[in-house]
Amino acid sequence: MFRAIVGLWRWRRSALCRRTDRAEGWLALGALLLVLVACPLVAAAAGEIAHRKLSETVRSQQLAHQQVWATVEKVLPRRPAGEESEELSHQQQVMASWRAPSGAQRSAQVTVQREVVTGDRFRIWVDMAGALTTRPMSAATASSHAALAGVVVGVVAALAVELARRQALRLLLRRRLEEWERQWAKVGPDWGRSWPAASS
C-alpha cells in the first residue's frame, strides 16, 4: 500500500506513468485514509452504541437483581476424590433457603465458594421472584466490553477496507494485462520489420 502511494508521488508527472499506475496509487491512498480516519470513527461509534446498550442492561439488572441472605439447610456430600478439578474442590453444594423480595420462602441447591456447615448464612443474588440469578453487570465491566466491541469493529472495518483494496487491485491488474495484450497486438506483428534487412 505505502509503496504504491510513494510511487504515485514520484511518478505523478512522468510520461511513463500509466493510468493504471495512477489508479493503483490513488486506490492505496484512499484505503490508507479510510483505515486512518474512517475506521477509528466507526470503532468509536460502535463502542458508543455498545456502551449505551450495556449501560441500559446494567441499570435493568441492578433493578431486577437483589442480594439476600440464604441459610444452609443441608450440606450435600462432595464428589469422590479425583473426580473434581482443583478449581471445583473449593466449591460446596448445599441445600439453602431464603426469602424472596416478595416475601415468599424459597429453597434450592446452591453452590457455595467456601466451606460451610448447616446453619451458616451467605449472600446470594435472586430476581424479583426469588429465583437464583447472576450478579448484575457492573458499570466497569460494561465499559470494558464496550471498548472491546469498538476495537473489534474497528479491526474488522480495517480488514474489510484492505480486502476491498486487494480485490480492486486484482481487477486493476487484469485491466493492465488486457491493455498490454492490446498494445502487443498492435506492435507484435511489426516487430520483425523494426530493423532494416541486412544487405546481401
Side-chain angles (χ1 to χ4, degrees), residues 1 31-168 170:
M1 181 185 296
L32 180 63
L33 291 177
L34 287 175
V35 170
L36 295 181
V37 179
C39 290
L41 292 177
V42 170
E48 179 63 25
I49 293 174
H51 187 268
R52 192 180 307 119
K53 295 294 183 181
L54 289 173
S55 296
E56 294 175 359
T57 301
V58 169
R59 287 192 293 269
S60 63
Q61 287 187 356
Q62 289 178 346
L63 292 175
H65 298 187
Q66 293 190 21
Q67 204 171 25
V68 299
W69 284 103
T71 303
V72 177
E73 301 293 341
K74 179 182 178 182
V75 178
L76 301 178
R78 291 181 177 274
R79 292 181 179 180
E83 293 187 7
E84 58 184 11
S85 64
E86 183 178 353
E87 180 181 357
L88 297 178
S89 64
H90 301 291
Q91 299 180 353
Q92 196 164 3
Q93 300 292 322
V94 302
M95 290 298 300
S97 62
W98 63 90
R99 189 174 297 278
S102 61
Q105 192 70 22
R106 301 292 300 269
S107 63
Q109 180 175 325
V110 183
T111 300
V112 186
Q113 302 297 328
R114 59 182 176 87
E115 294 287 340
V116 293
V117 296
T118 302
D120 282 353
R121 302 182 70 201
F122 58 96
R123 302 281 279 178
I124 59 173
W125 288 96
V126 298
D127 58 20
M128 298 307 296
L132 289 171
T133 188
T134 58
R135 179 191 299 269
M137 183 185 297
S138 65
T141 301
S143 297
S144 61
H145 287 180
L148 179 60
V151 170
V152 171
V153 170
V155 171
V156 171
L159 290 176
V161 170
E162 177 61 16
L163 289 176
R165 186 191 73 85
R166 289 177 180 269
Q167 182 63 26
R170 189 176 294 111

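Only a predicted model underlies this, so the values are computations on that prediction, with no experimental measurement involved.
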- Query: In this structure, are over 12 heavy atoms from other groups packed under 6.0 Å from Arg166 atom CZ?
  - Reply: no

Run the side-chain donor-acceptor check on residues 50-57: report pairs under 3.5 Å with partners two or more places apart or on a different chain.
from: His51; atom 1: NE2; to: Ser143; atom 2: OG; distance (Å): 3.4
from: Ser55; atom 1: OG; to: His51; atom 2: O; distance (Å): 2.7
from: Thr57; atom 1: OG1; to: Lys53; atom 2: O; distance (Å): 3.2

Student check: side-chain heavy atoms of [X] and [Y] closer than 4.5 Å:
X: Val153; Y: Val156; value: no
X: Gln66; Y: Met128; value: yes
X: Glu115; Y: Gln92; value: yes
X: Val68; Y: Arg99; value: no
X: Arg106; Y: Val126; value: no

Could you pull out the closest heavy-atom pair between [X] and [Y], with the gap in Å?
X: Leu132; Y: Ala108; result: CD1-CB, 4.4 Å
X: Val116; Y: Val94; result: CG2-CG1, 3.7 Å
X: Thr118; Y: Lys74; result: OG1-CA, 4.2 Å
X: Ala96; Y: Val110; result: CB-CG2, 4.0 Å
X: Ala142; Y: Val58; result: CB-CG2, 3.8 Å
X: Ala100; Y: Ala129; result: CB-O, 3.8 Å

Let me confirm one number: the [atom1]-[atom2] distance from [X] to [Y], rounded to the nearest 0.5 Å.
X: Met95; Y: Gln109; atom1: CE; atom2: CD; result: 6.5 Å
X: Leu32; Y: Glu162; atom1: CG; atom2: CD; result: 10.5 Å
X: Ile124; Y: Thr111; atom1: CD1; atom2: OG1; result: 11.5 Å
X: Thr141; Y: Arg135; atom1: OG1; atom2: CZ; result: 10.0 Å
X: Leu41; Y: Leu36; atom1: CG; atom2: CG; result: 11.0 Å
X: His65; Y: Leu63; atom1: NE2; atom2: CG; result: 10.0 Å

- Query: Would you say Trp98's side chain and Arg123's backbone share a donor-acceptor pair under 3.5 angstrom?
  - Reply: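 Side chain of Trp98 to backbone of Arg123, a donor-acceptor pair under 3.5 Å: no, none is there.
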
- So, Ser97 versus Glu73: side-chain donor-acceptor pair below 3.5 Å or not?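 The answer is yes; a qualifying pair exists.
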
- Any side-chain donor paired with an acceptor under 3.5 Å for Gln167 and Arg170?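 Per modelled atom types, Gln167 and Arg170 side chains form a pair under 3.5 Å.
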
